[in-house]
Amino acid sequence: MICKRLQFLAVLAILSVPAFSQAPLPPQPRTPPLLLGAAWYPEQWPESRWDADLSLMEAAHIHFVRVGEFAWSTLEPSEGNYQLDWLEHAIRLAEKHHIAVVLGTPSAAPPAWLTTKYPETLRTLPDGRKDQHGNRQQFDWSDPKYRELARIIATKMAERFGHDPNVIGWQIDNEYANQSYGEADRIRFQDWLKAKYKTLDNLNARWTTAYWSETYQDWRQIPIEETYGNPGLLLNWKQFVSDEWRSYQKNQLDVIRAHAEPRQRITTNMMGWFDAYDHYTVSQDLDFTSWDDYVGSGHLDPVRNGATHDLTRGFLRKNFWVMETQPGMVNWSADNNMLDKGEVRAMAWNAIGHGSEAVEYWQWRSDLNGQEEYHGTLLGADGTPVPVYYEAQQVGADFDKAGPVLAGTTVDSQVAILQDYSSRWAVNWQRHNKAFDPIDSLLSYYRPLHRMAGSIDIVADTAPLSRYKLVVAPALNLLTPDAVKNLEAYVRGGGHLVLGQRSGMKDEDNGLNPQRQPGPLVDLLGARVEQFYALEKTVPVSGDWGAGENAIWAEQLGSLKPDVQVLMRYGKSNGWLDGQPAAVTRKVGQGTITYIGMELSSETAAQAAKWMLQQAGIAETMPGLPEGVDLAVRTGEGKRVLILTNYAAEPRTITLPKPMENVLEGGTVQSVTLPQYGVAVLK
Ligand code: GLA
Ligand code: GLA
C-alpha cells in the first residue's frame, strides 16, 4: 500500500512539472483514502521507546497519529521557553514508519505556570468560584490573555511544522465544552447584545421584558442565565457562547493558516449531539469536521451512531473524520463494559459507511498515571498489545483493501432531516413533558427512513435543499426568517416537506409566534395546531399509516383550507383529541407540505416513512433487508458502494439486487451471509 502510494506520488510529481508556466497542481494528499489512527502521547515516554511504539503501529496498518494536544507543559515548560525539538523527533520517526501526523494545539490543558502567573485566565464556575489547575479545560474561553498565550504556542508550532511534509493536519484545542461565568465574561456578553440589538428598547420589546419587570435601562444590568430565565436571554447567551468558541478557534486557526501549507487541513474534535454551542457556527471556518465517537455503557446502536456521523458530516456537508473512538471501552461511564469481539470493527465500518475518512483510537497505550488509567487502549501499560489491538489491525487491513474502492465517494442522499440548535435548546429549556427529547424525536424519523433510503443527510434548516426529494423537520421549534424563506422556497420549488411535532412555535428571539404552529408556515400548510398536549397516557391513532399508540406528546390539528388532506386521526382519549386530525398534508404546486402532530411510534413509523418516500418518488434501496442488518451507501465518480453490517446475534443472509464485487473477501457475489458484527463492502 505504502509503496504504491509513493509510486503514485512520484508519477504525480513528474506530471506536475509544468511544461508551460501553468499553475501547479493542487497539493496531493500523502495518505491513503481511508485512514486508521491512534492518539499517541510521546511526551509521556522516553524517546528510546518511540520506535517500538511506531513499529507496532505500522504493523497494525496505522496511517497517522495525533500528537501534542495536551502537551503544553512539555512544549513550553516555562513562559517563552519553547521546546519543540522532541516533537520534531517524533514526527521524523513516525515518518520512517510511514505514519503521518496530525498536530493538536495544546490549549485544552494550560500549564501550571500559566494559571499561576495569569489567574485571570482561569474560568469562573457558575457559582462564582474560580476553577483551578489539576484537570484540563480550566481556562476562560473568552479571556484575551488566554487567547494571546494560546495563539503564541499555536504560532510557534505552525512556524516550525507548517511546511513539514509528514504533518497532514491540525486539530485545534480539544472538545470545546466549558464556558466561563465571570464579570468580564458578562461584560463581553452585554457588549455582544448591544452590537446585536443596537438599542435597549429593541431588546426589551423582543424579549417582552415588561413580563416580571425584567425591563433593562442599562446594558450592564443584563445577567447571564443558562437554565431558567427569559427565553430570549437564554437563547442569546447560547449564541454568544457559540460565537465566542468560533472566535476562540479562529484565534489559533488564523495563525496556523498563515504559516501552514493548505494541504495541512484544520479541524477540531467535536462531540456528536453535544449542544453547549451551535456547531454550524463553529464549523464554518474549519477545513473539515471531526468528532469523538464513544459508546460509553452498553453496545453500539448503529442507527443512532450513524445519525451522529450524519450530523457531523452535515456541519460542512462533506466527509469528516472520527478523531477519537474507544478501543473497546472507556473509563468515564457508569459501567465501562468492553464492546464484544468484532463490535469495534463493526463500529469502524459504521463510521466509514456514513462518510468518515478516518477512524482514530483513543488511545494508543495506557498512561502510567493520570485520570484515565482504566481507559481502553491498544497497548497495555507494559507496552505490548492487548487483545483489541488485533481487531484494530484487521480494521487497518480492511481500510487498505477498501480504500481505493471508496476513494472519491461520499454519502449522497435524497432525504434530508433538518436539525437546529436553537430549536433543541428551546425545547430542552421548556420540555413541557420531561420525556420529550428532541434527539429521540429526530431519530423516530431517521430510523425508518434510513433503513429504506440507505442514507440520510442531517443538515441545518438554512442549508441548500433543492437537491433533496424529501426534507423532514422533526421538532423544528424555532424558525428564523431565513429558515422560513428556505422552507417555503423548497416546497414551492416542488419539494416534499414534512414538519414534525412542536415545529414552528417560536421566533428568532425564542418568543412565541403570533400565529399558532407552524407559525409563518400556517398559510402554506393551510392548517395549524389548535392545541398541544403533554400526555400522561397513550392515545390511539389510526389512518393511512395503520393503527398505533401515541405517547408523550400529541398535537390536535385543524384545517383552514378545503384542500388539506387528513392522513391520521386520534382515537378516544382525553376528549379534546378524540377524532381530531393527527397528521395532515397539502399539495403546493408540484410539492407538498405535511404536518405530523403525533408521534411516529413503532407501529406507525415504517408505514409513515414508506408514505413519505412514495410521495417524494424515492425507491427503497434494498427492500426486505433482514432485521438487524444495517445498510450504508457511498457514491461518487461513477461508483456505488454498499456497506452491510449484521448486528443481530444470529447470522443473516442478504440477497443483493445484482451480482456485486465483494471488496473485503474477494470475488463476485449475489448474496452474502454475515455472522454477528460481520461486515461486507460491496461494489
Ligand atoms: C403562580 C404565580 C403566577 C404564575 C403561576 C403559574 O401562581 O403567582 O405568576 O407564575 O404560578 O402557574
Ligand atoms: C475525550 C478526550 C480524550 C479522552 C477521551 C476518553 O474524547 O478528547 O482526551 O479523555 O475522551 O474517552
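Only a predicted model underlies this, so the values are computations on that prediction, with no experimental measurement involved. Just follow the structure's listing: the first ligand is 1, and inside any ligand the first atom is 1. Only this structure's heavy atoms are used, side chains among them; waters, hydrogens and symmetry mates stay out.
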A.B. asks: Quick one: side chain to side chain donor-acceptor pair (under 3.5 Å) partners of S283, sequence neighbours excluded?
C.D. replies: none

A.B. asks: If you measure every N or O of Y41 against every N or O of ligand 2, does any of those distances drop under 3.5 Å?
C.D. replies: no

A.B. asks: Side chains of D293 and H309, heavy atoms from C-beta outward: is any pair under 4.5 Å?
C.D. replies: yes

A.B. asks: Not counting sequence neighbours, which residues clear salt bridge (charged side-chain N to carboxylate O under 4.0 Å, His left out) with E372? List them please.
C.D. replies: R136

A.B. asks: Taking the inter-plane angle between the rings of H375 and W362 on a 0 to 90° scale, is it parallel (under 30°), tilted (30 to 60°) or perpendicular (over 60°)?
C.D. replies: perpendicular

A.B. asks: Let me know which protein residues bring a heavy atom to under 4.0 Å of ligand 1; chain then number is fine for ordering.
C.D. replies: none

A.B. asks: Taking N or O atoms only and a 3.5 Å limit, does N331 qualify as a polar contact for ligand 2?
C.D. replies: no

A.B. asks: Around Q132, counting heavy atoms of other residues, nucleotides and ligands shown, do more than 12 lie under 6.0 Å from its CD?
C.D. replies: no

A.B. asks: Please say which of V282, D278, T268 ends up in a side-chain contact (heavy atoms from CB on, under 4.5 Å) with W245.
C.D. replies: V282

A.B. asks: Which of the atoms of ligand 2 are close to N174, meaning less than 4.0 Å from one of its heavy atoms?
C.D. replies: 2 (C), 8 (O)

A.B. asks: Under 4.0 Å between a side-chain nitrogen and a carboxylate oxygen: does that hold for E357 and R265?
C.D. replies: yes

A.B. asks: If you measure from each heavy atom of R136 to ligand 2, is any distance below 4.0 Å?
C.D. replies: yes

A.B. asks: In terms of relative ring orientation, are F274 and Y277 parallel, tilted or perpendicular, with 30° and 60° separating the classes?
C.D. replies: perpendicular

A.B. asks: Do any N/O atoms on E69 end up under 3.5 angstrom from N/O atoms on ligand 2?
C.D. replies: no

A.B. asks: Walk me through it: do F64 and W321 pass the test ring pair (Phe, Tyr, Trp, His ring centres under 6.0 Å)?
C.D. replies: CA-CA 12 Å; F64 79 98; W321 284 24; 5.0 Å; yes

A.B. asks: Can you name the atoms of ligand 2, numbered from 1 with element, that are less than 4.0 Å from a heavy atom of F70?
C.D. replies: 9 (O)

A.B. asks: I'd like to check which ligand 2 atoms, numbered from 1 as shown, lie under 4.0 Å from a non-hydrogen atom of E175.
C.D. replies: 1 (C), 2 (C), 7 (O), 8 (O)

A.B. asks: Only counting residues at least two apart or in another chain, list the ones meeting side chain to side chain donor-acceptor pair (under 3.5 Å) with D367.
C.D. replies: Q44, Q363

A.B. asks: For ligand 2, is any non-hydrogen atom under 4.0 Å from E372's backbone (N, CA, C, O), its side chain (CB onward), both, or neither?
C.D. replies: side chain

A.B. asks: With respect to L478, which candidate in R502, K506, R424, M505 satisfies the side-chain contact (heavy atoms from CB on, under 4.5 Å) definition?
C.D. replies: K506

A.B. asks: Under 4.0 Å from a heavy atom of W332: give me the atoms of ligand 2 that qualify, with their elements.
C.D. replies: 6 (C), 12 (O)

A.B. asks: With heavy atoms of H375 as the reference, note each atom of ligand 2 found under 4.0 Å away.
C.D. replies: 6 (C), 12 (O)

A.B. asks: What part of M329, side chain from CB on, backbone N/CA/C/O, both or neither, has a heavy atom under 4.0 Å from ligand 2?
C.D. replies: neither

A.B. asks: Do any N or O atoms from the side chain of D292 and from the backbone of E324 form a donor-acceptor pair under 3.5 angstrom?
C.D. replies: yes

A.B. asks: With a 4.0 Å heavy-atom cut-off (strictly under), which part of Q326 contacts ligand 2: side chain, backbone, both or neither?
C.D. replies: neither

